[in-house]
Undergrad: 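Structure provided below as structure tokens; questions to follow.
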Amino acid sequence: MQDSDTVTRFIYSKSNFSKTKNRAKPNAFSPFPHDELSTAHITALADDSVWTLATAALGQEAGRGAIYARADISVGEISKQHLKAIRDDDPFVRHTVVKGWPVLSDPAERKAQWLEIALVLSQQAALVAPGSPILADRTGR
Amino acid sequence: MSTAAAIQTRHAGLYSPVRSTGESDSAITLFHLVRVAREHFRSSIAVGTPLEVALAELDEAAREAALPGWNGYAAKPIDAAAYASARSFLELLPTMEEFPEISVDGDGEVELDWLADPRRALTIVVGANGRLIYAWLDGPRTCRGTEWFDEGIPSTIARAISSITSHDVRNRTKG
Amino acid sequence: MAQLRDHLAHAPIVEALIDVRVLPRPDASMQVLHDLAQGLNATYPDLKPMRSVEAHLNFKDGQVGVTGNVAREQGWRVKNEQRGAVAQFAIDRFTFNQLEPYTRWESVSREALALWRLYADAMRPIEVTRLAVRYINRLRIPVGSGLEEYLEAPPSVPREIPQTIREFLSRTVVSDPARNASVIITQALEAPLDQRSLQILLDIDAFAETTMPPDDASIPGIFNQLRELKNIVFFASVTEKTVEMYK
């Protein structure tokens, strides 16, 4: 992917972004408890199409009942943090995984480094909120 | 002459926990009287509401994070010990300070955010037993670290909070 | 003590409260309180319920679960954010809070009395049981100052022990038989995180316990007397040096 490409992080929790500051919080960009961050590649997509893509990420899994916002960030900003955005189209088309989070044996130091990265990314990202939350269709469609 | 001096090593506000291991009736009476005096301030909107709002936000975040996977990315549910630590930390903040935005992270620990602007922000993750993992963004510079708190806010954390909030005018009496 | 003044242009007031406690009628209604609060929408657009919440969070195996919330309705709160004015309507009390920016006693008491009359007309309480005027002040003093430079009744530390005070909290309740009133004086020392100054909270709560009908014509006069008592206590509690900072 190019530095000029854009990926987005879908936010399924009301408390993972700041309404008053109109920005994502660091925990929106934290990969915990995994070691990679799940995003979607949205370069060249119109806003409506991004929200349509968002519904593909909704499902019957825990916590994915609604999307409250998304945080768009350039691959360039991700690269500055020595991370790599790789489009894998799994589990949905345009799915992109952000890998390369520092591997450290000390869990506190690892958490501190990941937190520092997540802080920078979250503050560089552009928060976009739909008019109203995008809800999962509970019939499974 | 009595001199009021701020001690550099300990930062603790009006509502920092009062602990008593006294067993006598007198000890219990005194403990109660101190609480009465502090509760009198807590009934004030100007002095008490910022903490009340923050504690309510913590409880709301805890309710949202009660179940595994609550954030849609397989997050752990909120850790009880982290919740208790976060409550204690919030009670340590002096009443005139800016209180943070409060949420839970993917590890089940409590995240406190002061987001002044995109170039100046502080985030602290409160874990069990008073562990504080923080990251601080100040213009082009970032820093991170781990501290521990017990009866006061560590100086590094106090400096970080006052540095970030000195320019942030968000008024938390909007409760 | 400082010289008594009627008004300080930059008084260190962070909150002024006028509070009335009542004996409610047995059929006192939360709906009436709600309608009263909502009727003020034009001037107090921010409407919120007042509830005490008991959240039952249980912790098992290090995990938290919510077994239930018990929310007890207490009343309604309305606010005018721009003016810093809040009114609280509960079954057994009415409170008007003036936050910063404080204006003058005349306008604060006028607004409080007008809202009290609306409350009394709507709720028709059996009687008024307590009237109070409470002012909370924040005094900023330099680190390392002698407290007696700013307070007339600072905590006293025996000369034989170290004199540096880190914290203090005092609460004194004084009776004023001449005014048939009492006053709670609470003082506390607090340091902001930057430690460039110290802050003293001086909370003066002058109150009168009564049994009078809600439309008693003496209520405004009693508030004025309580305010006088509050002023006497304030200026008696601080030094001229303190007052000079807020003229």
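Letters A, B, ... mirror the listed sequences (proteins, then strands); counts begin at 1.
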Undergrad: Please report the interatomic distance OG(B:Ser162) to CD(C:Gln195), rounded to the nearest 0.5 Å.
TA: 9.0 Å
Undergrad: Heavy-atom distance under 4.5 Å to chain B: side chain of C:Leu17, backbone, both or neither?
TA: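 Contact with chain B is absent: no heavy atom of C:Leu17 under 4.5 Å.
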Undergrad: Are there more than 12 heavy atoms of other residues, nucleotides or ligands under 6.0 Å from atom CD of B:Glu23?
TA: no
Undergrad: Between C:Ile200, C:Asp194, C:Thr95, which residue shows the highest count of heavy-atom pairs closer than 4.5 Å to chain B?
TA: C:Asp194
Undergrad: Starting from the C-alpha separation in whole Å, work towards a yes-or-no answer on side-chain contact (heavy atoms from CB on, under 4.5 Å) for C:Ile184 and B:His40.
TA: CA-CA 10 Å; C:Ile184 305 170; B:His40 194 66; 4.1 Å; yes
Undergrad: Ignoring hydrogens and angles, tell me if any N or O in the side chain of C:Glu190 forms a donor-acceptor pair with the backbone of B:Gly13 under 3.5 Å.
TA: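 Side chain of C:Glu190 to backbone of B:Gly13: no pair is present.
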Undergrad: Within a 6.0 Å radius of atom CG on B:Asn129, are there more than 12 heavy atoms belonging to other residues, nucleotides or ligands?
TA: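 Result for CG/B:Asn129: open.
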Undergrad: OG of B:Ser44 to CG of C:Leu201: how many Å apart, nearest 0.5 Å?
TA: 8.5 Å
Undergrad: Looking only at side chains, do C:Thr186 and B:Arg38 share a donor and an acceptor under 3.5 Å apart?
TA: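 Short answer, no.
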Undergrad: Would you check if C:Leu193 and B:Arg159 make a side-chain contact, meaning some heavy-atom pair closer than 4.5 Å?
TA: no
Undergrad: Using side-chain heavy atoms (C-beta onward) and a distance below 4.5 Å, is B:Leu14 in contact with C:Gln199?
TA: no
Undergrad: Within a strict 4.5 Å, meaning less than it, do heavy atoms of the B:Ile45 and C:Arg77 side chains meet?
TA: yes
Undergrad: Between C:Ala191 and B:Pro94, what is the shortest heavy-atom contact and its length?
TA: O-CG, 3.3 Å
Undergrad: Is C:Pro192 close to B:His11 at the side-chain level, that is, under 4.5 Å between some pair of heavy atoms?
TA: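 Result no, sub-4.5 Å side-chain heavy-atom pair not found.
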Undergrad: Among side-chain atoms of C:Arg196 and B:Ser166, is any donor-acceptor pair under 3.5 angstrom?
TA: no
Undergrad: Once you round to the nearest 0.5 Å, how far does CD of B:Glu39 lie from CZ of C:Arg171?
TA: 11.5 Å
Undergrad: C:Gln88 versus chain B, heavy atoms under 4.5 Å apart: side chain, backbone, both or neither?
TA: side chain
Undergrad: For residues C:Ser197 and B:Met96, determine if any side-chain heavy atom of one lies less than 4.5 Å from a side-chain heavy atom of the other.
TA: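 No - every pair of side-chain heavy atoms lies 4.5 Å or more apart.
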Undergrad: Got a second to check how far C:Arg138's CZ is from B:Thr95's OG1, nearest 0.5 Å?
TA: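 Rounded to the nearest 0.5 Å, the CZ-OG1 separation comes to 3.5 Å.
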